[in-house]
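Since the structure is predicted, the reported quantities are computational estimates derived from the model, not experimental observations. Numbering of ligands and ligand atoms starts at 1, following listing order.
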Amino acid sequence: MAASDPQLPIILYHYPYSPYAKRIVWYLELRGIPYSQCLQPPILPRPDLARLGISYRRIPVLSIGRDIYLDTRLILAKLSLLHPPTPSQTHLSPASTAEHKAIERLLEIHAIDGGLFTRASQLLPPTLPLLRDPKFRADRADYTGTKPDAAAAAALRPEALNEVQRAMALLETTLLADGRDWVLATPEPSLADIEAVWPLHWLVSLPGALPAGLVAARFPRVAAWIARFDAAVAEARARVGKPRSVSGEEAQRVILAAGWNEEALERGGGMVDGEAEPVVAFHGLRKGAMVELWPTDSGSAHRDVGALVAVDAGEVVITTAEGVRLHAPRHGFRFEPAGKSVASL
Ligand SMILES: N[C@@H](CCC(=O)N[C@@H](CS)C(=O)NCC(=O)O)C(=O)O
């Protein structure tokens, strides 16, 4: 499933303090890829996404033309397929060797599936204004399916702090130990730096999340690297300028008027291979079948329904009733015939 035209409009739906969204913002800035943003509230409802027929509730979401991508892991993979900008535009070094590509992927797994982000989120100071907002608390209770419990949260903090320090120690004593600027010793930051830095950058920039002075005193190379990364991103931002903010209405208009990023799917190129794809075979699905699609790790109550366009080992694609395509990674998502779970209740 190759991506195509670099001229297609790119719109990022996000809120600026989402650490997941930062993964994408930094990537766009460092590569000098022009984009617009459609700013979202930190809690539901999000009518800007609903008007595209999207129930998925997590942030960020990225559109490239009329194709809409869920989950930062798929978004980064798709952005990497956009035509490379000229060397003077990009300030993101490519991962050139197999080892570099493996380290990049393992850092992603460490932060997301390995639980570092979850541990980092357990260190958020309970005094943060957002965490004290009853509306935010109710929204996140609905999102996680658990009731906020201040005593349980306080008891988790010491363990979370230990885990975060282990992650910093790993970088301090391995990749950054020889004094290099970037984790893969590249001339400029690479995607591996983004994969390694985002949960740590989040905590370091939130006063009260970590004991004062801890990072500089115990992990000086990590502290310097985070500051260096910040400076590199600030420089890149100064070069590309701020993204244009568009309203939900404008974003919808732009997306529906745009061409497909993945033109080959339009020409019938998407495969829904009943023989070779285990889930498709299990459910006896065919191209065009109505399916439900949802993330299995968080926000699972928000399911999208659409006609199945394509499935392969890495990605599943559906078309919503509003006429946009939704792309989700296979990892961390599930799809099955629409209405099945309702019928079997
Ligand atoms: N695996 C997802 C996780 C995204 C995620 O958890 N984002 C948070 C914001 S940082 C979120 O959506 N929280 C609930 C919400 O904003 O509705 C990804 O990589 O995009």
Side-chain angles (χ1 to χ4, degrees), residues 10-28 35 37-50 52 54-64 67-80 104-124 128-131 133 135-146 148 191 194-206 209 248 293-304 314-316 326-335:
I10 296 180
I11 302 177
L12 180 64
Y13 291 79
H14 75 129
Y15 46 90
Y17 47 89
S18 154
Y20 273 100
K22 288 253 167 64
R23 288 159 54 72
I24 307 304
V25 169
W26 291 334
Y27 185 90
L28 290 163
Y35 71 101
Q37 61 182 1
C38 185
L39 291 173
Q40 297 303 300
I43 60 173
L44 300 187
R46 299 202 176 109
D48 298 345
L49 288 159
L52 293 166
I54 298 175
S55 304
Y56 180 74
R57 73 153 289 171
R58 300 193 306 197
I59 291 294
V61 166
L62 186 93
S63 64
I64 307 179
D67 286 281
I68 298 182
Y69 300 97
L70 310 181
D71 199 284
T72 55
R73 291 164 289 193
L74 183 65
I75 293 172
L76 289 170
K78 293 296 173 178
L79 287 174
S80 76
E104 180 186 290
R105 177 65 73 85
L106 292 172
L107 287 167
E108 174 226 282
I109 293 171
H110 179 233
I112 301 179
D113 292 327
L116 178 60
F117 169 76
T118 305
R119 290 309 202 168
S121 64
Q122 291 165 353
L123 288 178
L124 294 191
L128 275 185
L130 197 59
L131 294 187
D133 178 348
K135 283 197 196 129
F136 183 82
R137 289 155 67 94
D139 178 85
R140 288 309 192 262
D142 176 57
Y143 175 59
T144 58
T146 53
L191 178 54
I194 296 180
E195 297 291 7
V197 85
W198 65 283
L200 307 181
H201 183 282
W202 187 37
L203 293 177
V204 165
S205 43
L206 267 175
L293 170 68
W294 70 97
T296 49
D297 52 350
S298 64
S300 309
H302 297 259
R303 298 180 169 208
D304 283 288
E315 184 179 355
V316 50
L326 270 192
H327 299 244
R330 293 292 304 277
H331 180 69
F333 282 72
R334 185 167 295 152
F335 64 97

Go through the steps to decide whether Asp113 and Asp297 satisfy the test side-chain contact (heavy atoms from CB on, under 4.5 Å), and finish with yes or no. CA-CA 10 Å; Asp113 292 327; Asp297 52 350; 5.6 Å; no

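- In this comparison of Trp202, Tyr20, Tyr15, the heavy atom closest to atom 9 (C) of ligand 1 sits on Tyr15.
- Closest to atom 2 (C) of ligand 1 among all protein heavy atoms lies Asp71 OD2, 3.3 Å.
- For ligand 1, the atoms closer than 4.0 angstrom to any heavy atom of Arg46 are 15 (C), 16 (O), 17 (O).
- Taking only non-hydrogen atoms, the option from Thr72, Ile59, Leu70 nearest to atom 8 (C) of ligand 1 is Ile59.
- The heavy atom nearest to atom 14 (C) of ligand 1, out of those in Phe136, Tyr143, Phe333, is found in Tyr143.
- None of Lys78, Arg73, Arg330 except one satisfies the salt bridge (Lys or Arg N to Asp or Glu O under 4.0 Å) rule with Glu315; the exception is Lys78.
- Only the side chain of Arg140 comes within 4.0 Å of ligand 1, judged by heavy-atom distances.
- Using bins of under 30°, 30° to 60° and over 60° for the plane-to-plane angle, the ring pair Tyr20/Trp198 lands in the tilted bin.
- For atom 17 (O) of ligand 1, the nearest protein heavy atom (residue, atom name, distance) is Arg57 NH2, 2.7 Å.
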Checking His302 against Tyr143 for the side-chain contact (heavy atoms from CB on, under 4.5 Å) test, could you report, in this order, the C-alpha distance in whole Å, the side-chain angles of both residues, the deciding distance, and whether it holds? CA-CA 9 Å; His302 297 259; Tyr143 175 59; 5.9 Å; no

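- Near Arg73, with a cut-off below 4.0 Å to any heavy atom, the atoms of ligand 1 are 1 (N).
- Leu52 has its side chain out of reach of Val61: every pair of non-hydrogen atoms, C-beta onward, lies at least 4.5 Å apart.
- No side-chain donor-acceptor contact under 3.5 Å links Arg23 to the backbone of Glu195.
- For atom 10 (S) of ligand 1, the closest non-hydrogen atom of the protein is Ser18 OG, 3.0 Å.
- The structure places CG of Leu128 at 11.5 Å from CG of Asp133, a figure rounded to the nearest 0.5 Å.
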